[in-house]
Amino acid sequence: MRKIYIFDTTLRDGEQSPGVNLNTQEKLEMAYQLERLGVDRIEAGFPAASPGDLAAVNAVAKAVKNASIVGLARSREQDIDAVRDALKDAQDPCIHIFLATSPIHRKHKLRMEKEQVLETAERAIQYAKKYFSKIEFSAEDAGRTELDFLCEVTELAVKNGVSVVNIPDTVGYMTPQEFGNIFKTLKEKVPDIDRIQLSAHCHDDLGMATANALAAILNGADQIEGTINGIGERAGNTALEEVALALHTRAEFFQAKTTLNLQEIAKTSRLVSKLTGMVVPGNKAIVGANAFAHESGIHQDGVLKEKTTYEIISPATIGLKDSKLVLGKHSGRHAFREKLVDLGFENLTGDQLNAAFGKFKDLADRKKDVSNEDIIALMEEKMVDTPEVYALDQLVIAFDSRKGPEATVRLQTDGGPIETKAVGNGSVDAIYRAIDELTKEEVVLDDYTIKSVTDGTDALGDVHVVLRQGEVSAQGRGVSTDILEASARAYVDALNRLIDKRNAPTRARRDNVTLI
């Protein structure tokens, strides 16, 4: 298959993202990881921008041995001199010269006619040739440049001995069909075009950077320029990981490939996010947190049966261990059962699974993310199969700072619902007084503890109580995102266990008679 060269500009165009400012050590750390990723060319910066950037590019040039190091320059001698100084220690240096070519840039920015643009480009290329054997020339805003003039500029660059001609969609204006046609036309009309590589540099202002880059490949581009995570000015650049995985996954269609070490992609993405402070959106293709996560019950069921039903890329391809089955309100019974098995709850009956699934669905309606710890707490809430004399049906709390809290509690019994109100020194006390009044049980609260199962404002509260009645005591447990509800559930659970213990001798005698 045809090789597509990867030109990484995370350290230059990526650093131009608003709010991003990398120091030399951070650039080095990122460059080493890009080297491990296997990019062919690393654009380390814009040396003429500042003495600090020149020093950082020089540090990268000294450190990286397995990729060509590129420095950016305007079509000015002083910029070219700055790149020469920055790359003097590079094993494989390359200068990247750019000059705007579109009518709007010629008129408003450069104030040049076409002939002046051609003359300026030629002088810059010829000056750079004195010091560099590898030169890339970019026709800035090529996407909005007249196609005939772009062919003329490219022909001039080829004649003057550049290695690469870059065609940037500088403002993300192109559609894939239009952008692909530029490369097709250059291939057909520019003499000796096969002596150089054609490169595509796309921006994502209209969300088409990756699509445009792939269209360029289909029409003859040899190199793709972009950044990790798609960072860059305004809406960012082509996300290199998206291009690499598109070529890898649809190899039979594109008939082209990169030589990237794909298993380094996830690690590289995390490092770039950490050092730039730019968070990767959860729904970002390839490297977003949700890229290999499934919550829908239909999707989870399919993935559990055969991963390729909903995964066209294996997580291992980019260096991740596995996909995630996210348990939430859209999850199905199959995924929930698999999660229970993973957590050690294997021998559940059909009724137990149904009851657990119902509790899980109730929790998922209240809580955005249901963690393993949440599920364990739900399952352990009622591990002992105790007959339910009472079941909490409804709880209403009213609080007035002058009057104190009032709790309305409704319990379900074999004889139907029972309900009452009670006031107390606190909301929990009011709840427990109401339950005592409904059940007519005289008990002593020996212990009450509460803890958070997980972090966050929607964390499950786990309440543990111990009730005593004479010489008999029982413990109960309740979990809920609301600590008052958890407190009520724990108290009712303890009451049921206490009643069950109290009735145990009678049950044992009855069972004994039956056996005889």
Side-chain angles (χ1 to χ4, degrees), residues 329 349-367 374 377-400 403-448 450 458 460-470 472-504 506-507 510:
K329 66 180 182 179
T349 65
D351 289 343
Q352 289 173 327
L353 177 62
N354 290 338
F357 187 62
K359 290 163 65 177
F360 159 72
K361 281 289 192 178
D362 180 60
L363 175 61
D365 279 335
R366 307 186 193 188
K367 201 171 187 291
D374 292 328
L378 282 179
M379 297 304 296
E380 291 180 345
E381 180 184 12
K382 196 170 182 181
M383 293 296 290
V384 179
D385 189 16
T386 304
E388 280 196 330
V389 180
Y390 301 105
L392 182 66
D393 184 47
Q394 188 178 25
L395 175 64
V396 179
I397 305 295
F399 182 82
D400 186 319
K403 298 180 181 179
E406 180 182 76
T408 301
V409 177
R410 179 190 295 168
L411 300 178
Q412 282 290 349
T413 70
D414 288 342
I418 53 177
E419 182 179 315
T420 192
K421 293 181 181 179
V423 296
N425 295 324
S427 297
V428 173
D429 184 51
I431 293 168
Y432 289 178
R433 286 173 183 263
I435 294 173
D436 287 344
E437 185 176 333
L438 289 172
T439 62
K440 309 302 181 186
E441 296 284 348
E442 295 183 2
V443 295
V444 176
L445 179 62
D446 274 349
D447 189 32
Y448 172 91
I450 183 170
D458 62 352
L460 275 181
D462 186 350
V463 176
H464 178 267
V465 301
V466 177
L467 299 182
R468 179 170 49 84
Q469 192 176 61
V472 181
S473 66
Q475 60 182 357
R477 188 179 183 191
V479 293
S480 174
T481 52
D482 186 289
I483 60 172
L484 296 179
E485 182 183 345
S487 298
R489 291 186 179 281
Y491 199 85
V492 172
D493 184 40
L495 270 178
N496 285 328
R497 292 171 188 257
L498 193 65
I499 294 169
D500 187 56
K501 277 190 176 183
R502 195 174 62 206
N503 294 336
T506 304
R507 235 189 1 261
R510 184 179 65 246

* Output, in order, the C-alpha distance, side-chain angles, deciding distance and verdict of side-chain contact (heavy atoms from CB on, under 4.5 Å) for Leu484 and Ile431. => CA-CA 8 Å; Leu484 296 179; Ile431 293 168; 4.1 Å; yes
* To do: Please answer whether the main-chain N or O of Ile499 pairs with a side-chain N or O of Asn503 as donor and acceptor at a distance below 3.5 Å.
  => yes
* How close do Ala490 and Gly478 get, heavy atom to heavy atom, and via which atoms? -> CB-N, 3.4 Å
* **OG1 on Thr413 to CD1 on Ile418, rounded to 0.5 Å** => 5.0 Å
* **Parallel, tilted or perpendicular, as decided by the 30° and 60° cut-offs, for the rings of Tyr432 and Tyr448** => perpendicular
* Between atom CZ of Arg489 and atom CG of Leu392, what is the distance when rounded to the nearest 0.5 Å? -> 5.5 Å
* Leu467 side, atom CG; Glu442 side, atom CD - distance, nearest 0.5 Å -> 13.5 Å
* Structure fact -> Tested for side chain to side chain contact (heavy atoms under 4.5 Å, CB included) against Ser487, the lone hit among Asp482, Val428, Val492, Val465 is Val428
* Structure fact -> CG (Leu438) and CG (Leu411) are apart, to the nearest 0.5 Å, by 5.0 Å
* Neighbour count >12 (heavy atoms, 6.0 Å) for atom CG, Asp414 -> no
* Structure fact -> What one should report as the nearest heavy-atom pair of Ala407 and Ala434 is O-CB, 4.2 Å
* **Shortest non-hydrogen contact from Ala430 toward Gly424** => CB-N, 3.6 Å
* Which distance, rounded to the nearest 0.5 Å, do you find between the CG of Asp493 and the CZ of Arg477? -> 10.0 Å
* Asked: Do Ser480 side-chain atoms and Ile483 backbone N/O form a donor-acceptor pair below 3.5 Å?
  -> no
* Taking all heavy atoms of Pro405 and all of Gly426, pick out the closest pair and write down the distance. => CG-C, 3.3 Å
* To do: Taking all non-hydrogen atoms of both residues into account, name the closest pair between Ala486 and Val463 and its distance.
  => CB-CG2, 3.7 Å
* Asked: Are Glu437 and Arg433 close enough for a salt bridge, meaning some N to O gap below 4.0 Å?
  -> no
* **Distance in Å, Glu441 CD paired with Ile435 CD1, rounded so as to fall on 0.5 Å steps** => 12.0 Å
* **Shortest non-hydrogen contact from Tyr491 toward Asp436** => OH-OD1, 2.7 Å
